[in-house]
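Reviewing the structure listed below.
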Amino acid sequence: MRQKILQLLRDNSSGYFSGEEMARMLGVSRTAIWKNIQSLLLDGYHIESSPRLGYRLVRVPDLLYPAEILKGLKTKIIASGPELIYHFLQVDSTNTSLKKLADQGAADGTVVIAEEQTAGRGRLGRSWFSPAGKSITLSILLRPSLAPGNTPLFTLMTAAAIVRGIKNILPDISVGIKWPNDLMINKRKVSGILTELKAEADLLHYLIIGIGININSEEKDFPPELRNIATSLFLENNKTKISRQQLLCEILQELDDAYRRYFLENPAFIIKEWKKFDITLGRKITVKTIKDTFIGTAVDLAADGSLILEEVGGKKRQFQAGEVTLV
Ligand code: BT5
């Protein structure tokens, strides 16, 4: 009902819509309309009401509500209907919330979006900082019928889709991908991806792809330890605010396109796409793994998305995971 009322108000945003007319069109009482309007007001929608004229939508809140996201989306799997989008003002971690939903049987393409995370997670127990209303923090559930070994490609696919989404809105900003999951602008991190999975030896049950992007954060919003290593699209865009709703739609659309392409084409397209935005290959790097640190030149990616490092002396090593620093 809220959605329908919102749609009527949106279609008629230049003028008032009488409560009586709305009630008649939707086949409910005027009290039901009033109650739904109150709930929209509580959610931050600015709706003017006049006893004689009715209701008028003045402004929608800058929040990532499903109703706002869905109106700009044409996805076929990811977030392709209201039942697949969960929105929270605050959660500990969207990956953790989505894992609970996945274990209860949530469908392929379900997403969890949060305005704020209190315990956002990075890889290997590291944390991800995401202040209220200034970033995009979301997790996407995918259930491809694949063996678990194919999953690293999904992180690369997501990284390329995020860059494409950003480029659609901010074509002049140059975003590079540092293998495997860091999106960088001017040597600072603007976005990270955390891919988690549930699998048996040969069978993937599901994948959860968590995405964090700094959108409208100012320098002072970052904690001191991140100020020299993190950036936001706002800071890189001459301090001009970016619509989180619009960017989220672009990214979901790009990712949905890539996910469907994965099943139609040879997955090699993912590496090709990723290489267009890569800033790692050809560079001298260090790769830190849980056990050791290796130094050399990043020479290529293997078909499964692993990074190939050539050490001084020519010895090649392949890494499925690791922390890369550009030297
Ligand atoms: C990542 O880990 O980059 C993955 C981040 C994924 C976050 C998303 S948000 C939605 C979903 N739900 C979650 O709980 N997580 C995902 P890693 O490569 O380990 O990088 C973590 C490191 O990045 C930290 O140790 C900090 O140094 C740095 N960092 C933390 N917050 C940052 C931020 N907002 N911007 C830039 N760098 C940050």
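Just so you know, ligand 1 is whichever comes first in the structure, and atom 1 is the first atom listed for that ligand. Predicted, not measured: the structure shown is a model, and the values here were computed from it. All heavy atoms count here, side chains included; hydrogens, waters and symmetry mates do not.
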So, D300 and K275, do they make that salt bridge, N to O below 4.0 Å? yes

Mind jotting down which protein residues get a heavy-atom contact under 4.0 Å with ligand 1? Chain and number order, please. S93, T94, N95, Q117, G120, R121, G122, R123, R126, S127, W128, F129, T137, L138, S139, N181, D182, K189, G192, I193, L194, G210, I211, G212, N214, L226, I229, A230

Could you tell me whether E196 and R121 have a side-chain N and a carboxylate O separated by less than 4.0 Å? yes

Under a 4.0 Å threshold between the charged nitrogen and the carboxylate oxygen, would D103 count as salt-bridged to K198? yes

Between the side chain of Q245 and the main-chain N/O of L63, is any donor-acceptor distance below 3.5 Å? yes

Using a strict cut-off of less than 4.0 Å between a Lys/Arg side-chain nitrogen and an Asp/Glu carboxylate oxygen, indicate whether E115 and R244 qualify as a salt bridge. yes

What I want to find out is whether D43 reaches R2 closely enough, with some N-O distance under 4.0 Å, to be called a salt bridge. yes

